[in-house]
Amino acid sequence: MNVIDIEATCWDGQPPLGAVSEITEIGLTVVDLDAAERVARHRILVRPARSTVSAFCTELTGLTQAEVDTGVSFAEACRLLASEHGSGIRPWASWGDYDRNQFTRQCRATGTPSPFGHRHTNAKLPFTSAYGLRKRPGMAQALKVAGLPLEGRHHSGADDAWNIAALILEVAARGAWPEPTA
């Protein structure tokens, strides 16, 4: 299974005139549920086309405009997800629906085919259920609930995907991870 976490251009308040939130980093951790381990970790930097990285965004994610300028286009990132990471055939998960919705919006806006199949799991839902919580926690809070460390930098796509994968493995160890649907 692919575990995805994205970072996108963001602002403290409304975006500048004409700017839209665009993916700047795709973090991907491959999880082998049968072996109960994280088996690969990847990062794809994406060059935004209709916005720039704000100072607020750099403070939050650590990403700079100069860094994302070295990335690939969004269309190329989607091609890499499909060709190198099996995103169209593997089930995938993210923490919440933001990542899935952002991909949908950006694919639609750019005319890029979605790199993902339809087998998506919002990992927050089985986690909340497995731990008997009333409210759905953010990823950092979920790590605390599960007694797991936050590895790396919060709001780094690669590090967050790695941490989400650890949460998924905890849910699976409790027998509460849903089987992917076809």
Side-chain angles (χ1 to χ4, degrees), residues 1-10 21-33 37-46 48 57 60-63 71 74 77-82 84-110 112-131 133 135-146 148 150-174 176-182:
M1 169 179 23
N2 287 334
V3 178
I4 301 287
D5 186 80
I6 63 166
E7 301 306 325
T9 51
C10 55
S21 183
E22 296 176 276
I23 295 170
T24 53
E25 179 190 10
I26 303 166
L28 185 152
T29 296
V30 180
V31 172
D32 182 335
L33 287 169
E37 64 182 354
R38 299 175 284 188
V39 295
R41 182 179 187 157
H42 305 280
R43 178 183 195 221
I44 302 171
L45 286 178
V46 183
C57 195
L60 182 67
T61 67
L63 293 168
F74 177 70
C78 289
R79 190 195 68 71
L80 288 170
L81 284 169
E84 294 185 15
H85 304 291
S87 62
I89 55 174
R90 284 186 186 154
W92 68 291
S94 59
W95 195 261
D97 284 323
Y98 170 79
D99 305 78
R100 182 178 57 80
N101 290 334
Q102 180 63 33
F103 264 102
T104 299
R105 278 191 300 274
Q106 198 160 336
C107 284
R108 190 175 298 134
T110 61
T112 304
S114 174
F116 299 108
H118 297 287
R119 296 181 299 162
H120 174 263
T121 301
N122 172 348
K124 195 183 285 193
L125 300 177
F127 179 88
T128 301
S129 177
Y131 282 84
L133 304 175
K135 294 180 82 175
R136 298 177 189 158
M139 184 209 66
Q141 183 60 35
L143 289 167
K144 289 178 185 173
V145 168
L148 296 171
L150 173 66
E151 297 181 58
R153 179 191 176 111
H154 190 25
H155 298 299
S156 155
D159 292 344
D160 285 354
W162 186 255
N163 286 304
I164 294 164
L167 290 166
I168 289 169
L169 290 172
E170 282 294 311
V171 171
R174 291 170 166 252
W177 186 255
E179 287 296 316
T181 55

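Predicted model, so just to flag it, every value in this text is computed and none were measured. Computation of the quantities below employed the complete heavy-atom set of this structure, encompassing side-chain atoms and omitting hydrogens, waters and symmetry-equivalent molecules.
A donor-acceptor pair under 3.5 Å links the side-chain atoms of N122 to the main chain of G96, judged by distance alone. The backbone N or O of G157 lies less than 3.5 Å from a partner atom in the side chain of E25, making a donor-acceptor pair. Here the side chain of T128 pairs no donor or acceptor atom with the backbone of L133 at under 3.5 angstrom. A donor-acceptor distance shorter than 3.5 angstrom exists from the side chain of Q102 to the backbone of S21, with no hydrogens or angles considered. For the pair T112 (side chain) and C107 (backbone), a donor-acceptor distance under 3.5 Å is absent. Panel note: side chain R174, backbone A130; a donor-acceptor pair is recorded below 3.5 Å. Using modelled atom types, no side-chain atom of Q106 and backbone atom of F74 make a donor-acceptor pair closer than 3.5 Å.
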- Query: Can L28 and I44 be said to form a side-chain contact (heavy atoms from CB on, under 4.5 Å), step by step?
  - Reply: CA-CA 8 Å; L28 185 152; I44 302 171; 6.0 Å; no
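Looking only at side-chain heavy atoms (C-beta outward), V3 and W95 stay at 4.5 Å or farther from each other. Between W177 and T121, the closest side-chain pair of non-hydrogen atoms falls below 4.5 Å. Two residues are said to be in side-chain contact when any heavy atoms from C-beta on lie closer than 4.5 Å; K144 and L150 fail this criterion. Using a 4.5 Å heavy-atom cutoff, the side chains of D160 and E7 are in contact. Counting heavy atoms from C-beta outward, T61 and T24 have side chains that stay 4.5 Å or more apart.
R79 contributes atom CZ, which lies 6.5 Å from atom CD of E84 (distance to the nearest 0.5 angstrom). Between atom CD1 of residue I4 and atom NE2 of residue H42 there is a gap of 9.5 Å, rounded to the nearest 0.5 Å. Atoms CD and CZ, on E179 and R119 in that order, are 11.0 Å from each other to the nearest 0.5 Å. Distance check: H155 NE2 to L60 CG gives 4.5 Å after rounding to the nearest 0.5 Å. Within the model, atoms OG of S156 and CG of D5 stand 8.0 Å from one another, a figure rounded to the nearest 0.5 Å. Note: I26 CD1 to L80 CG = 8.5 Å, rounded to the nearest 0.5 Å.
Using the six-membered ring where Trp is involved, F103 and W92 have ring planes that are perpendicular, over 60° apart on the 30 and 60° scheme.
When the side chain to side chain donor-acceptor pair (under 3.5 Å) test is applied to N101, no partner is found at least two apart in sequence or on another chain. Shown here are the side chain to side chain donor-acceptor pair (under 3.5 Å) partners of E170, two or more places apart in sequence or in another chain: there are none.
In terms of heavy-atom proximity, A123 sits nearest to P126 at O-CD, 3.4 Å. Counting all heavy atoms, side chain and backbone alike, C10 lies closest to C57 at SG-SG, 3.1 Å. Residues P137 and K124 share a closest heavy-atom pair of O-CE, 3.5 Å. The two residues A146 and F127 make their nearest non-hydrogen contact at CB-CE1, 4.1 Å.
No more than 12 heavy-atom neighbours from other residues, nucleotides or ligands sit within 6.0 angstrom of CZ on R136. In the displayed structure, L125 atom CG is contacted under 6.0 Å by more than 12 heavy atoms of other residues, nucleotides or ligands.
Each of M1, R90, R41 was checked for a side-chain contact (heavy atoms from CB on, under 4.5 Å) with V30, and the lone residue meeting it is R90.
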Would you give me the side-chain donor-acceptor pairs under 3.5 Å for residues 161-169, sequence neighbours excluded?
from, atom 1, to, atom 2, distance (Å)
W162, NE1, E151, OE1, 3.2
N163, OD1, E151, N, 2.9
N163, ND2, E151, O, 2.8
N163, ND2, D159, O, 2.9

